[in-house]
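Letters A, B, ... are given to chains in the order of the sequence lines, protein chains preceding strands, and every chain is numbered from 1.
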Amino acid sequence: MNEKYPFSEIEPKWQQSWADSGLFKTDLSDTENKYYCLMMFPYPSGKLHVGHGRNYIIGDAVVRYKKMRGHNVLSPMGWDAFGLPAENAAIKTGTPPRESTLSNIAIMKEQLAAWGCCYDWDKEVASCEPEYYKWTQWLFIQMFNRGLAYKKKSNVNWCPDCATVLANEQVVDGCCDRCDSTVIQKALEQWFFKITDYAQRLLDDLDTLDGWPERVKTMQRNWIGRSEGTEIDFALVPREDGANDPSDKVSCFTTRVDTIYGCTYMVLAPEYGDLKELIAGLPQETEVLQFVADSAKLTNIDRESDTLEKKGIFTGRYVVNPYTNEKVPLWVGDYVLMYGTGAVMAVPAHDTRDWAFAKKYDLPIKLSIQNPEGSLVLTEMDDAYTEDGACFDSAEFTGMPNREAISAMAKKAEAEGFGKSCINFRLRDWLISRQRYWGAPIPIVYCDRCGTVPVNDDELPVRLPENVEFKPTGESPLAASQEFMNCECPKCGEPARRESDTMDTFVDSSWYFLRYLSAQDSTQAIDTKAANDWLPVDQYIGGIEHAILHLLYARFFTKVVSDLGLIDFDEPFAKLFTQGMICKKGPDGNLHKMSKSKGNVVSPNELIENYGADTVRLYTLFIGPPEKEAEWNDTAVEGSYRFLKRIWTRVWQHKELLASVSPDSCGELAESIGKMEKPERDLFRKVHESVQKITHDLDGAFHFHTAISAIMELMNAVDAVKVSDNSSEQVKAVFRDAMEKVILLISPFAPHIAEELWKELGHDGGVLSADWPEVIEEALHRDEIQMALQVNGKVREQIFVPSSAGKDEIEKIAMENPAVQKWTEGKTIRKVIVVPGRLVNIAVS
RNA sequence: GCCCGGGUGGCGAAAUCGGUAGACGCAAGGGACUUAAAAUCCCUUUUCAGCAAUGAAGUGCGGGUUCGAGUCCCGCCCCGGGCACCA
């Protein structure tokens, strides 16, 4: 054994040993005590920094802990390998995306190994490989056949820099979430997944996810955005010129039907489907069309900014409020979205937006809700009244509390056939086509005779061609490849063209956790039995940034696959842990999430070289509560290094002494508790208190940082017992037992040093095969308990009382205490509170 | 605007059920060892007063409940995140 902690020697050695031993290869047929631990698979960008490391280090610690607890743990890893960066690199350097991706994967695999993170690589998947995307395409076809994948022309988010469309979820504050360019709207034919069909289930089942953080569930609820309301048909007043309309009514959705007697006009969204026909040939036509064209030019940012002044224009048409039979004007407004029906009834008296609009265009305002004081007067109002009250000037509903009126009025609409209660969701269908090369081709063929035809199963995968030009033209590079585009129709065999769009990479990552269980299976996408045996995932670990996107899509896919009958569960992740981001001050002096673009990355390579992987792991876990953001501190890493060195040195200093204790005498310690002297008794108790605390910290909230501080405390207690060759056999045995426990307890966090020292102590089995320490209840026992004496809530003295003492006895000891007598002298004792094991509080006046 | 988190020493933080605030670590200061440095070890370190014993104050601010509040309640302020012209 070396005096100096030789991390650079032992770490590669044990990494090799873990790889050779097959310890992390999981037998899927052994499902007893199974534990599926999943970390979000990374995009192979080539270089991981210590911020990425947090995810894998947390996961690896959980995996190692669960293994020691006797679980059959599955911990696979793979690559979210399609995506824009590789394609952009190809445009710049000419290196084909597949080539750069595969070499990045190789580099990152080495990095993970150097961190000591172990996986079952037999189950590795890479979403860019035909063996994987074949089944992504197959799933697409299953969804197409069920009407869950469809193509439609619509206004879509277009990122001019990435030259592709984006899903709503990928637009953040009106900008592309990849490159920050301003997203514009474009009308294009695109493929969608009908996630809206699952909106209610996705919402309802959130309630069953007890193992998920509340804030993630809240975010998903907000995103799905269910709202209950009423749809009301307003009849169109027929045109004076006798021309026909596409429909004789305009429906609007409202959550406040109780205010409908105050409706004074209606507003359509500029994109409203029938708008052109409604105004064709009217004097207002040119102006309205100009207005619509101007609105279309607004970017998402303009449109979503609340400082933007609402603009609108009268269409020349009128509709009839079915409750009042009043004729009200029909307007177009740029603030109305294509949500619900794309038409809203305007009640300026009770909606702040309508109020502003009505004031600007001098439209009438009518009161239809009176406040509880009955004091509302239109002429004195300077904004809309949006609170509750009683219906006012509302025919038979007048006087009814407005909340009740909502259902009463909906009932009337239903009875008379001009409306119904209905539910709207904010969630839109998932736009999945991308006009880029490096993704899974959408397996669809266009035939002049047969139309849109899915590729036959036996012709999957539709492979990406190798020889293409990587230039972002707004059309997929695939469109320029004749070899790719020209094909035969799967139905009639005539010449046909392929779909040139590829799928959003979030499609790939929506089912990879199912594929791990059949990674090598070339006959089917999902192994039903293995999936049913091993899923839902017991513990999913990943970044909070995926709270909506990936986690919502993966839930959606799981429900679809369940409905296809391929699995018999419909939520993929039983427990979710979202770790906080690692931040660091950048060159600009501000704190940012660690990333290349902010210039604040810390590379693990140098740290591993200087301190070893165990130090990096220990510091990463010690930095703070794992669910919270943390600031990386280069000098604080030293502290973790010092601690590991200290453990190493202690074993080295006492290696002969440690070897001299027979392993049996440690096992028998529980029986000799009664014979222990105070120092070793205290250490023995501390050992078991530590085991209890650390086990609790790991089973609950993954509080590695407090677990590690408990190990540090335990080491402090070990050092407080000055063990030497002259010590009694008993002291030596307790010391050895304590050192063994330190090694076992720290092994999930710092596995290399733990393995080495475990071996040094004469164990051959390897620390991963050792059992996690058990708490011996008797060891926790104390004869005397320290308690605080308080007078009026202020601590005045510390005392020791026998742990067997009852409340009365404790009170007696307390009252006799000189400090208590000093502070209570001349005062009346009103009350004495005894909390056994904690304190005595004497209330005096 | 609405909905979630959060605010504790110079810093990262801890306090499991309302029960001794600041565990553990970083940084800083002092000391030991050393020719010297590194490494290691020991001591101090919430603030104020005091040589000390000790006392007082103290968990964003103001109230309240309680024998006792970082923890519970009411009202504010600030920071982070999500949603937001969704009718």
Nearest to the A:Met712 side chain among B:A56, B:G68, B:C24, which nucleotide is it? B:C24

For A:Arg215 and A:Ala843, find the nucleotide of RNA chain B closest to each by heavy atoms; which residue's nucleotide sits nearer the 5' end? A:Arg215

With a 3.5 Å cut-off and no angle check, do the side chains of A:Trp212 and A:Asp210 form a donor-acceptor pair? no

Classify A:Trp823 by what it touches in the nucleic acid, base, sugar-phosphate, or nothing, heavy-atom distance under 4.0 Å. sugar-phosphate

Please determine, for the side chain of A:Glu713, which listed nucleotide (B:G82, B:A23, B:A87) has the closest atom? B:A23

Classify the nucleic acid contact of A:Ile623 as base, sugar-phosphate or nothing, counting any heavy atom under 4.0 Å across all strands shown. sugar-phosphate

Do you see a donor-acceptor pair shorter than 3.5 Å between the side chains of A:Glu638 and A:Tyr611? yes

Partner nucleotide, any strand, of B:G5 [Watson-Crick/G-U, under 3.5 Å]: B:C79

Provide, to the nearest angstrom, the distance between the CG atom belonging to A:Leu203 and the P atom belonging to B:C83. 16 Å

Please determine, for the side chain of A:Gln790, which listed nucleotide (B:A57, B:U20, B:C24) has the closest atom? B:U20

Report the base-pairing partner of B:U71 (Watson-Crick or G-U wobble, both distances below 3.5 angstrom), or none. none

Candidate nucleotides B:A13, B:C41, B:A15, ranked by approach to the side chain of A:His705 - the nearest: B:A13

Looking at B:U20, does its base get a donor-acceptor pair with the side chain of A:Gln798 below 3.5 Å? yes

Under 4.0 Å: is that the gap between some side-chain N or O of A:Arg226 and OP1 or OP2 of B:C83? no

Candidates B:G68, B:U16, B:C85 - which lies nearest the side chain of A:Asn841: B:G68

Using a heavy-atom cut-off of under 4.0 Å over every strand shown, decide if A:Gly225 touches base, sugar-phosphate, or nothing. nothing

With rounding to whole Å, what would you report as the distance between B:C83 and B:A13 at their C1' atoms? 31 Å

Mind checking whether A:Phe7 and A:Tyr641 have parallel, tilted or perpendicular rings, split at 30° and 60°? perpendicular

Assigned partner base of B:C33, Watson-Crick or wobble definition, under 3.5 Å: none

C1' atoms of B:G22 and B:G12, separation to the nearest Å: 13 Å

Side chain of A:Arg642 - closest among B:C26, B:G25, B:A87: B:C26

Roughly how far apart, to the nearest Å, are B:U45 and B:U34 at atom C1'? 27 Å

Judged by nearest nucleotide, the residue sitting upstream toward the 5' end of RNA chain B, A:Gln220 or A:Met345, is A:Gln220

Side chain of A:Pro625 - closest among B:U16, B:A13, B:A39: B:A13

Under 4.0 Å, counting only non-hydrogen atoms across every strand here, what does A:Arg830 touch: a base, just sugar-phosphate, or nothing? nothing

Tell me which nucleotide, if any, is Watson-Crick or G-U wobble paired with B:U44 when both distances must be under 3.5 Å. B:A28

Identify which nucleotide among B:G19, B:A27, B:C41 has an atom closest to any side-chain atom of A:Arg838, counting heavy atoms from C-beta outward. B:G19

Give a yes-or-no answer on whether the side chains of A:Thr695 and A:Asp697 include a donor-acceptor pair shorter than 3.5 Å. no

Given side chains that start at C-beta, do those of A:Ile829 and A:Ile842 come closer than 4.5 Å, heavy atoms only? yes

Taking all heavy atoms of A:Asn792 and all of A:Ala843, pick out the closest pair and write down the distance. OD1-CA, 3.3 Å

Would you indicate, yes or no, if B:A39 has its OP1 or OP2 atom less than 4.0 angstrom from a side-chain nitrogen or oxygen of A:Lys4? no

A:Glu629 CD to B:G7 P, in whole Å, measures 14 Å

Report the distance from atom CE of A:Met338 to atom C1' of B:A87, rounded to the nearest whole Å. 14 Å

Apply the syn/anti split at 90° from 0 to B:G9 and say which one it is. syn

Select base, sugar-phosphate, or nothing to describe what A:Glu214 touches, counting heavy atoms under 4.0 Å on all strands. nothing

Can B:C17 be described as syn, meaning its chi torsion is within 90° of 0, or is it anti? syn

Considering Watson-Crick and G-U wobble pairs with both distances under 3.5 Å, what does B:A13 pair with? none

Does a salt bridge link A:Arg221 with A:Asp207, judged by any charged N lying under 4.0 Å from a carboxylate O? yes

For A:Lys794, answer base if it contacts any base atom (sugar-phosphate contacts may also be present), sugar-phosphate if it contacts only those atoms, and nothing otherwise; contact means non-hydrogen atoms under 4.0 Å. sugar-phosphate

Touch check for A:Asn716, heavy atoms < 4.0 angstrom, all strands: base, sugar-phosphate only, or nothing? sugar-phosphate

Measuring to OP1 and OP2 of B:G12, would you say a side-chain N or O of A:Lys628 lies under 4.0 angstrom away? no

Distance in angstrom units between A:Phe749 CZ and B:C24 C1', rounded: 14 Å

Give none if B:U54 has no partner; otherwise give the nucleotide forming a Watson-Crick or G-U wobble pair with it, both distances under 3.5 Å. B:A49

Proximity to the side chain of A:Asn222 - top-ranked nucleotide from B:C83, B:A56, B:U20: B:C83

So that I know where these two stand, are A:Tyr361 and A:Trp331 an aromatic pair - ring centroids less than 6.0 Å apart? yes

Side-chain N or O of A:Ser227 versus OP1/OP2 of B:A87: is the shortest distance under 4.0 Å? yes

B:U8 to B:G70 separation - P atoms, rounded to the nearest Å: 15 Å

Out of B:U20, B:G19, B:U16, which nucleotide sits closest to the side chain of A:Lys693? B:U16

